[in-house]
Amino acid sequence: MGNQKNISDTRLTYLVKEGVKEAFQELFERYAPRIYQFSLSYLKNEQEAEEQVQDVFLKIWEKRESLDRSKSIKAFIFKIAVNSIYDFTRRKNIENAFKDFARADFDLQADSTWHQVIFDEMLDSLDVLVKQMPTERQKIFRLSREEGLTNDEIARKLNLSKRTVENQLYRAIAYLKEHFKTESLLALLFFYLWCG
């Protein structure tokens, strides 16, 4: 497969979808540390965080044929991580914030639960903030965070200097950190998904 470390997330998604194990290994090496830190930040337990990483990537491999190259693999990975943490937290009952949702009649399926709604709300809030940015900054941010392009790739695509791309991304992240209002798991999700 060559040097997969230089492959964009979009290309990596295609290769994982095709079942290329080296691509999956690269995906794991690229994102497992972030998922571990994300999980650890919330669960405060190293073993539980490691278990979340294994669970997330097992699910990605199992669902690889449904991967969509037009969507951010990073967002997909963190979406699975959020679902996994919510499910784990509910089972262990380690977070008081979930007690209101722990009714016996409350259905907590991975693709049709309140945490899916919360994830979507976060993305909607993010989209509103991104649309308030200057046009060029919006475009650079979306190419970087949604399409997974490197700064060099963005610079070539938009005929800009790499320095301009870096500056615009820095300003975009600073703006979002300042304006994104949330707490707890969603705050962590925002940081790891868009600022990490």
Side-chain angles (χ1 to χ4, degrees), residues 4-5 7-9 12-13 16 21-64 67 71-102 106 108-126 129-130 141 144-146 148 150 169-170 172-196:
Q4 59 265 32
K5 293 196 180 301
I7 293 176
S8 69
D9 278 7
L12 204 57
T13 303
V16 171
K21 290 183 180 178
E22 294 86 353
F24 181 74
Q25 180 63 33
E26 169 59 21
L27 191 71
F28 181 86
E29 290 175 8
R30 196 173 288 187
Y31 286 107
R34 302 184 200 187
I35 296 300
Y36 174 78
Q37 289 299 327
F38 176 62
S39 302
L40 183 62
S41 296
Y42 193 73
L43 298 173
K44 312 297 185 191
N45 182 294
E46 292 181 359
Q47 183 177 347
E48 290 172 353
E50 289 172 3
E51 289 172 3
Q52 291 303 307
V53 172
Q54 298 302 320
D55 185 58
V56 165
F57 282 91
L58 177 62
K59 287 175 180 172
I60 291 168
W61 183 251
E62 290 172 347
K63 297 179 178 182
R64 66 188 180 278
L67 290 175
K71 296 182 180 177
S72 166
I73 187 67
K74 184 178 183 181
F76 180 73
I77 292 169
F78 275 90
K79 177 178 174 181
I80 291 176
V82 168
N83 289 345
S84 183
I85 290 172
Y86 272 125
D87 289 343
F88 176 81
T89 302
R90 180 177 182 261
R91 287 194 309 269
K92 302 288 283 188
N93 198 21
I94 60 172
E95 189 70 48
N96 290 336
F98 291 91
K99 287 182 178 177
D100 291 340
F101 300 98
F106 194 77
L108 204 63
Q109 297 300 314
D111 293 321
S112 60
T113 60
W114 68 275
H115 55 269
Q116 176 63 52
V117 173
I118 289 175
F119 186 92
D120 289 343
E121 285 179 0
M122 187 215 67
L123 291 182
D124 288 344
S125 297
L126 181 70
L129 290 174
V130 171
F141 180 82
S144 172
R145 295 320 201 249
E146 295 177 7
T150 66
L169 283 175
Y170 174 82
I173 295 301
Y175 173 80
L176 292 172
K177 282 182 177 178
E178 180 183 350
H179 290 87
F180 200 88
K181 305 299 183 187
T182 188
E183 57 186 15
S184 192
L185 186 58
L186 285 186
L188 292 171
L189 172 63
F190 168 74
F191 179 81
Y192 281 95
L193 185 56
W194 300 105
C195 305

* To do: Any chance you could lay out the side-chain contact (heavy atoms from CB on, under 4.5 Å) test for Gln52 and Phe88, step after step, and finish with the verdict?
  => CA-CA 9 Å; Gln52 291 303 307; Phe88 176 81; 3.5 Å; yes
* To do: Could you tell me the separation between the CD1 atom of Ile35 and the CD atom of Gln54, rounded to the nearest 0.5 Å?
  => 12.0 Å
* In Å, rounded to the nearest 0.5 Å, how long is the span from CD of Glu50 to CG of Leu43? -> 12.0 Å
* Could you walk me through whether Asn45 and Glu51 pass side-chain contact (heavy atoms from CB on, under 4.5 Å), step by step? => CA-CA 10 Å; Asn45 182 294; Glu51 289 172 3; over 6 Å; no
* To do: Start with the C-alpha gap between Tyr42 and Val82, add the side-chain angles, then the distance that decides, and say whether side-chain contact (heavy atoms from CB on, under 4.5 Å) holds.
  => CA-CA 10 Å; Tyr42 193 73; Val82 168; over 6 Å; no
* To do: Applying side chain to side chain contact (heavy atoms under 4.5 Å, CB included), name anything that partners Ala32, two or more places apart in sequence or on another chain.
  => Phe28, Val53, Phe57
* To do: Hey, could you give me the OG1/CD1 distance between Thr150 and Ile7, rounded to the nearest 0.5 Å?
  => 12.5 Å
* What residues form a ring-ring contact (aromatic ring centres under 6.0 Å, His included) with Tyr36, not counting sequence neighbours? -> none
* Asked: So, do Ser39 and Ile85 sit near enough that their side-chain heavy atoms are less than 4.5 Å apart?
  -> yes
* Enter the distance from Leu40:CG to Gln47:CD here, rounded to the nearest 0.5 Å. => 12.5 Å
* Asked: Which heavy-atom pair separates Leu12 from Ala23 by the least distance, and what is that distance?
  -> CD1-O, 3.7 Å
* Could you walk me through whether Ile77 and Leu27 pass the side-chain contact (heavy atoms from CB on, under 4.5 Å) check? -> CA-CA 10 Å; Ile77 292 169; Leu27 191 71; 4.1 Å; yes
* Please report the closest heavy-atom contact between Val56 and Ser84, naming both atoms and the distance. => CG2-CB, 4.4 Å
* Asked: With sequence neighbours left out, what residues match Lys59 under salt bridge (charged side-chain N to carboxylate O under 4.0 Å, His left out)?
  -> Asp55
* **Heavy-atom pair of closest approach, residues Phe76 and Ile60** => CE2-CG1, 4.3 Å
* Asked: Nearest heavy-atom pair of Arg30 and Ser8: which atoms, and what distance?
  -> NH1-C, 4.0 Å
* Structure fact -> The reported gap from OG in Ser41 to CZ in Phe38 (rounded to nearest 0.5 angstrom) is 8.0 Å
* Asked: Taking all atoms of both residues into account, what is the closest heavy-atom pair of Leu129 and Tyr175, and its distance?
  -> O-CE2, 3.5 Å
* By side chain to side chain contact (heavy atoms under 4.5 Å, CB included), which residues pair with Glu29, not counting sequence neighbours? -> Lys5, Gln25, Glu26
